[in-house]
**Q** 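Can you keep this structure in mind? I'll have questions shortly.
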Amino acid sequence: MQHSIQEIQAMSLLTLYRMLIKNVQYYPSKNKFKIMLAIKESFRDHRNLNDPKKVIQEIKIAQMGLRNLEMYRIKNQEMKDVYKVKDDGFQESMNPKDKNFIYF
């Protein structure tokens, strides 16, 4: 389920944080763990931010990140559902024992 822009904007900061951490596992990168740590560190660093303009700016950055991560989650699910390998029933023996096979 993808959240609309209005739903993301209405989320509390804690919910936004949890959704970011949850959806980072679908990001197509080998650095998922480092990205998750960067998200946690960023939230920790900006915990005591008092300037309202900076707070709004950081929340918008987090919302944009959540939208991007959800896009990858949906694409990942689509790839699992749509692109499946079809079993055509063809079975070739890996060790044929007929007269034309040469053993080394």
Side-chain angles (χ1 to χ4, degrees):
M1 173 181 135
Q2 185 174 10
H3 295 91
S4 69
I5 294 172
Q6 290 80 17
E7 289 174 331
I8 291 175
Q9 289 174 344
M11 286 181 183
S12 71
L13 199 55
L14 184 59
T15 305
L16 186 62
Y17 172 75
R18 287 179 180 159
M19 294 294 290
L20 278 166
I21 298 299
K22 180 180 174 184
N23 285 305
V24 79
Q25 67 181 330
Y26 300 106
Y27 190 71
S29 173
K30 64 181 183 178
N31 296 323
K32 293 176 198 175
F33 186 70
K34 289 181 183 177
I35 293 169
M36 183 185 66
L37 290 178
I39 291 169
K40 288 182 177 184
E41 183 180 338
S42 177
F43 270 81
R44 203 174 300 120
D45 290 346
H46 295 105
R47 183 184 315 173
N48 298 324
L49 203 60
N50 293 328
D51 184 21
K53 288 183 181 180
K54 282 292 259 184
V55 170
I56 291 171
Q57 180 183 5
E58 294 299 325
I59 289 174
K60 287 187 186 244
I61 291 171
Q63 290 169 347
M64 182 179 65
L66 179 59
R67 285 193 295 268
N68 288 335
L69 290 174
E70 281 192 335
M71 176 188 65
Y72 285 112
R73 180 180 52 82
I74 290 168
K75 189 65 175 173
N76 189 351
Q77 187 62 41
E78 179 184 314
M79 293 290 282
K80 286 180 182 177
D81 293 342
V82 175
Y83 301 104
K84 298 217 182 235
V85 177
K86 295 181 179 151
D87 184 23
D88 58 359
F90 179 72
Q91 292 284 335
E92 184 175 327
S93 175
M94 295 301 289
N95 189 12
K97 296 186 181 198
D98 60 356
K99 59 185 176 185
N100 296 328
F101 187 74
I102 300 171
Y103 291 94
F104 294 97

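Residue numbers count from 1 along this sequence. Model, not experiment: these values are computed from the prediction. Just so you know, these numbers use all the heavy atoms, side chains as well, and skip hydrogens, waters and symmetry mates.
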**Q** Is the shortest side-chain N to carboxylate O distance from Lys75 to Glu78 below 4.0 Å?
**A** yes
**Q** Could you walk me through whether Glu41 and Leu37 pass the side chain to side chain contact (heavy atoms under 4.5 Å, CB included) test, one step at a time?
**A** CA-CA 6 Å; Glu41 183 180 338; Leu37 290 178; 5.9 Å; no
**Q** Kindly compute the distance separating CE (Met79) from OH (Tyr72), expressed to the nearest 0.5 Å.
**A** 13.0 Å
**Q** According to a hydrophobic-cluster definition based on side-chain heavy atoms being under 4.5 Å apart (Ile, Leu, Val, Met, Phe, Trp, Tyr only), do Ile61 and Tyr17 belong together?
**A** no
**Q** For the residue pair Glu58 and Leu49, what are the closest heavy atoms and their distance?
**A** CG-CD2, 4.1 Å
**Q** Closest heavy-atom contact between Lys32 and Gln25?
**A** NZ-O, 3.2 Å
**Q** About how many Å separate CD1 of Ile39 and NZ of Lys34, when rounded to the nearest 0.5 Å?
**A** 14.5 Å
**Q** Given the rule that I, L, V, M, F, W and Y join up when any side-chain heavy atoms are under 4.5 Å apart, are Leu13 and Val55 in one cluster?
**A** yes
**Q** Does Arg67 form a side chain to side chain contact (heavy atoms under 4.5 Å, CB included) with Gln63? I'd like the steps, not just the answer.
**A** CA-CA 6 Å; Arg67 285 193 295 268; Gln63 290 169 347; 4.1 Å; yes
**Q** Would you name the heavy atoms of Leu66 and Leu20 that are closest together and state the gap between them?
**A** N-CD2, 3.5 Å
**Q** Distance check, rounded to the nearest 0.5 Å: Arg73 atom CZ versus Lys22 atom NZ?
**A** 7.0 Å
**Q** Nearest heavy-atom pair of Leu16 and Ile59: which atoms, and what distance?
**A** CD2-O, 4.1 Å
**Q** Could you tell me which residues satisfy side chain to side chain contact (heavy atoms under 4.5 Å, CB included) with Asn76, sequence neighbours excluded, listed by chain and number?
**A** Tyr26, Lys80
